[in-house]
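Just so you know, these numbers use all the heavy atoms, side chains as well, and skip hydrogens, waters and symmetry mates. Residue numbers begin at 1 in each chain, while the letters A, B, ... track the order of the sequences. The structure presented is a predicted model; accordingly, all values stated were derived computationally and were not measured.
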Amino acid sequence: MALETYQAKRNFGATPEPRGAKGRSPGNSFVIQKHDATRLHYDFRLEMDGVLKSWAVTRGPSLNPEDKRLAVHVEDHPLSYGDFEGIIPKGQYGGGTVIVWDRGTWTPLGDAKKAYRKGHIEFELDGEKLKGRWHLVRMHGQPGEKHENWLLIKGDDTEARHDGKDILKQRPESAKTGRRIEEVAKNPTDTWNSKPKGDGKAVAAKTKKAGRQIHDWPKGARKAAMPDFVEPTLAKLKAKPPAGDGWIHEIKFDGYRLQIRIENGEVKMLTRTGLDWTEKFGKDIADAFKALPIQSAIMDGELVVEQDSGASDFSALQQDLSQRRYDRFVFYTFDLIYLDGHDLRDVPLIERKRLLEKMLPAGNDKLRYSEHFDENGSLVLDHVCRLSLEGVVSKQRDSTYTSGRRGEWIKAKCSQRQELVIGGYVPSTSMKNAIGSLAMGFYDNGKLKHVGRVGTGYTATVAQDLYERLSKIEQEENSFDDRLTPEERRELVYVKPELVAEVEFRAWSSDDKLRHAAFRGLREDKLAKDVVREMEKTTAKNLPKSTVTLTHPDRIYWPDEGVTKEGLVNYYAQVWRFMEPYVVNRPLALLRLPDGVEGHQRFFQKHAWKGMNENIEQITDPKDRGGEKLLRITDFDGVVALVQSAVLEIHPWGTTTDSWEKPDMITMDLDPGGEVPWESVIAAALEIKERLEAEGLAGFVKTSGGKGLHVVTPLKPKAGWAEVKAFAKRLADSMAAENPDRYIAKATKAERTGKIFIDYLRNGRGNTAVAAYSTRARPGATVSMPLEWSELTADIGPAYFTVDNTPPRLDALPKDPWDGFFAAAKPLEKRKR
DNA sequence: GACGTGA
DNA sequence: TCACGTCAACGCCGA
DNA sequence: TCGGCG
C-alpha cells in the first residue's frame, strides 16, 4: 500500500468529525496522506467573514468504497492544528447553488456539481475561538470561467449551505441575490433547438393587402423585423387559479397549441416546438387567416374541434386529423406577438389582447378571439366547470410575452361529477352516530365495481343523516363485486347498495378509482341499478396492473405538461409491453427527483437504500460480492416502485443479470454539439448502422429524449466487456478519423461545436445508457423513443416524443418499432474485436 | 422518497 | 418534532 | 500530473 504525501502551498486547517480527531503536533504545513494509489485531488479554499484567510491545495481520496480512510495532519497553523484520522463521509450530494460570503454580500458562485466533504472545524483567530463547518464543493462554474473548488466556512450561526436557502431566509433584504441564485440554480437546459431556422428565402408577396392602420401603438411596441419562431409561453399546472386583480382568466382549450405566422401573404402554423404543421390542418384555417387585413403577424392560439356543448375535444381533434376531416376545426387566438412591423412581446398582455380583438372579425366561425374574464379565479373555474369545459388558464394582466414557463400563466383543471352507489360506510371517529366516509361503486354489467372512498364534503348534519339511513340497511356480505384489499375493507360496514350519491372528483385513477372525491349530496331521484360509469373508459386494453401503493399520486413531476406520479405510472403501463425487455433483469442506475423536474433534488443512485420498495430487487455484483447491493427490477411492479421512488430516468447496464460479464447490446450515443443540423445527426446514425451491418451486426435507433440519438446493437452475449468496449471505441474512432470535420470521439467540449460527439463510453462494465422508453428528467417530459429507421426524418427531433404523445403513437403502430431486436443479435466475432 | 440524526 | 443530509464515480484526453 | 468531460 503506497503512502503518498502532499503538502499544502499555504496554511490550512480542518478538523472534520471531532470523534475522528487524534492528537496534535506542531509544524508548518498541512499534510494529507493518501493510502493506496487511488486518485487524490481536491482543492480547498477557506473563506472567513468575507476575507480569504488562507487556502491550500490538497489531495483527497477517490470515492472508491474501499478507500474510506483519510489521514490528515495539520501543523502550526493560525486557524487550526492537529491530526485526524476519520472515516470520510461516504459519497457526496449532488446539485445546488454554491454561495460564498464575498465582500459583504452573498454571491452565488454557480452550480455545485457535488459537495465532496464536509466537517466541523474549530480554530482560533486573533485570540478568538471560532467554530464552524466546512464544505468542500466542486464547481461547475460559468462557461469560460475557471473552475474552482471552494471550501465554504462561516461561523455556526450563519453557516453557508450549498443551496443558499437558509441564507435567503436570514437575509431577506438580499432579494436581488435571491433572484440571481434562482437563475444560477436553474439547470442549464437542453440546447437542442428544434425551431426551424428562419427559412431564409423570403416568399414573394402575392397580394399586398392594405394593412390596417394603427396610429397609436401601445407602449412597449417596438419597430422590428419579424422574429423567427417564438417559443410559446407555457402554463404551470396548479390546483386552483390564482386570486387577485392582477390576473385574467381564459378558458382552457383542449387542442393543438399553434403559432400562426402571417408573412408576405403566406400563413404558417407552427407547433409548440416550432415544427411546421401547416399542411396537417387543411386549408380552411390558413385561408381564414390569409383573409385578414394584416401584412405580417405572429399569433398564439389553439386549434380545437368543438363539441356541441362548446367544449373542445382533443380526441375528436385527433380523429378529424387522422381522417383528414378539416371542417370542424376552429382556431381560438389568444395572443398577438407581432403585428405589421412591430414586436409586441413587451406590451402588457391586456393591451396585446385589445389589439388582437380588433384584428379578428367578430362572427367568423373559423377564427375566434379567446375572451377572458376579470372575475375571481375560483369563480371563473366553477363556472367554466359547470359548462363541462376543461379548465381555465390564468394570465398576469400586465405580463409581457415570455417564452417558456415562468408562472405568468397558470392552468387549473375542472373536476368531474357523477352519481355513484353507496356500498358501505366507515363510522366517524370523531362523531357519534355519523359516517366518516363512504365506499362507492358503479354498475358494470350488473356488477357493482368498487371505486374507493369519499371522505369529505359532508357537513356534520349530513354525516349524521347518512349514518341514520345507512345503519338501517347494513348487511354482512360484501356489497361489491370486487374483492377488497384489507386497507379498503378496514372499518368498513357494508350496506345494501340502494342509495345514490353525487360525487365530485378530479379524475379517474389508472385502476379505476376516484381521485380527490368529495360528497355533493344524495340523489333521491336515481335508481342504484342505473348508475354506470359516465365517462368512457379510455382504454379497454390489457394494461399491466400493479399492487404497488403510490403515495402522493398527484405529485407533479413535470409542471409544464402536468405529468403526475400517477400519470407516469399510466405511461409506463402503456409502454410496458414494449419496454420490458430493455429494463428487466439488468443492473440499473437511477436518476431520482423527488420534487419533480423543477425541484431542487436530483441524484443518481445505483445502490440499494434503506426503506427501498420490495419490488426493487437487491442484487450482488459477482465482481464485488462484499460491496453494496445493486438494483434490478423484474416486472411491472418494479417500474411502478421506481416511479413511486421518484425515478424519472432509468439507466440499465448493457447486459442482463444472466450474463453479467457478457453484454447483450452496444449503445452508441450521438450527441450533437452546438449548431449541428439535425439532418447530420440522422446521417451519423445511418452511417453507424451501415458500419455495423458491414460487420454483420444489426443497428436499431432511438431518440435520446435529450439532444441526440442512440444507435443500439443487439449482441449474443459472448464477448466480454473489454472486447465490446474496444469494438465500440474502434467504431467511434474510425468514424472520427475519416470525417474529422463531422465527428469527434472524445468528450472534449471545446472541440465539439459543429460536430457530433460519438460517445462509445456507455459500453464499459458498470456504465449505463438511458433505457428505451424511459422518461428523461428534463422539461417536456420527453422519452427515449425507439424508432423504425424509416421514421427517422427531419420531422422527428430528439425530444419529439413525450409521455403525452407516446401512448397514441404506440397504439397507432402496427408493430414494435424495434421488432426483432433480440432475434437480430449476433455474437461479436473475434476478428471484429 | 425514505431514512437517520442532531437540535 | 423538525430540519437537514444522504442517495454514482472512472477512464480518457489534452494541457 | 491536473482539470474537465461524459
Send over the distance from [X] [atom1] to [N] [atom2], rounded to a whole Å.
X	N	atom1	atom2	value
Arg730(A)	dC12(C)	CZ	C1'	18 Å
Phe604(A)	dG6(D)	CZ	P	12 Å
Phe603(A)	dA9(C)	CZ	P	14 Å
Leu761(A)	dC13(C)	CG	P	8 Å
Lys755(A)	dG6(D)	NZ	P	16 Å
Phe757(A)	dG14(C)	CZ	C1'	14 Å
Trp721(A)	dG11(C)	CH2	C1'	15 Å
Arg602(A)	dG5(C)	CZ	C1'	19 Å

Problem - Flag if over 12 foreign heavy atoms under 6.0 Å of CD, Glu738(A) - result: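 Count over threshold, so yes.
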Give a yes/no on whether any side-chain N or O of [X] is located under 4.0 angstrom from OP1 or OP2 of [N].
X	N	answer
Arg555(A)	dG1(B)	yes
Tyr760(A)	dG11(C)	no
His607(A)	dT6(C)	no
Lys746(A)	dA15(C)	no

Problem - Closest nucleotide among dG6(D), dA9(C), dG1(B) to the Pro594(A) side chain - result: dG1(B)
Practice task
Could you give the distance separating dA8(C) and dC5(D) at their C1' atoms, to the nearest angstrom?
Solution key: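 Looking at atom C1' only, dC5(D) and dA8(C) are 15 Å apart.
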Problem - Carboxylate-amine/guanidinium proximity below 4.0 Å for Lys513(A) and Glu566(A) - result: no
Problem - Sequence neighbours excluded - salt bridge (charged side-chain N to carboxylate O under 4.0 Å, His left out) pairs with any residue from residues 661-674 of chain A - result: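 Passing the test, one end in residues 661-674 of chain A: Arg586(A)-Asp664(A), Lys623(A)-Glu661(A), Glu661(A)-Arg765(A), Asp669(A)-Arg762(A), Asp671(A)-Lys707(A), Asp671(A)-Arg752(A).
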Practice task
Quick one: label Ala646(A) by what it contacts on the DNA or RNA (base, sugar-phosphate, nothing), any heavy atom closer than 4.0 Å.
Solution key: sugar-phosphate
Exercise for the section: Kindly give the heavy-atom pair with the smallest separation between Leu715(A) and Ile666(A), and that separation in Å. Expected result: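 Answer, listing the atom of Leu715(A) first, then Ile666(A): CD1-CG1, 3.6 Å.
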Fill in the blank from the handout: Of Leu568(A), Val643(A), Leu591(A), Val563(A), the one forming a side chain to side chain contact (heavy atoms under 4.5 Å, CB included) with Leu648(A) is Leu568(A)
Exercise for the section: Measure the spacing between CZ of Phe636(A) and OH of Tyr572(A) and express it to the nearest 0.5 Å. Expected result: 10.5 Å
Handout entry: Distance-only polar pair, side chains of Gln644(A) and Thr549(A), donor-acceptor under 3.5 Å
Key = no
Tabulate protein N/O versus nucleotide N/O from nucleotides 2-5 of chain B, keeping only pairs under 3.5 Å, one per line.
unit_1	atom_1	unit_2	atom_2	d
dA2(B)	OP1	Gln644(A)	NE2	3.1

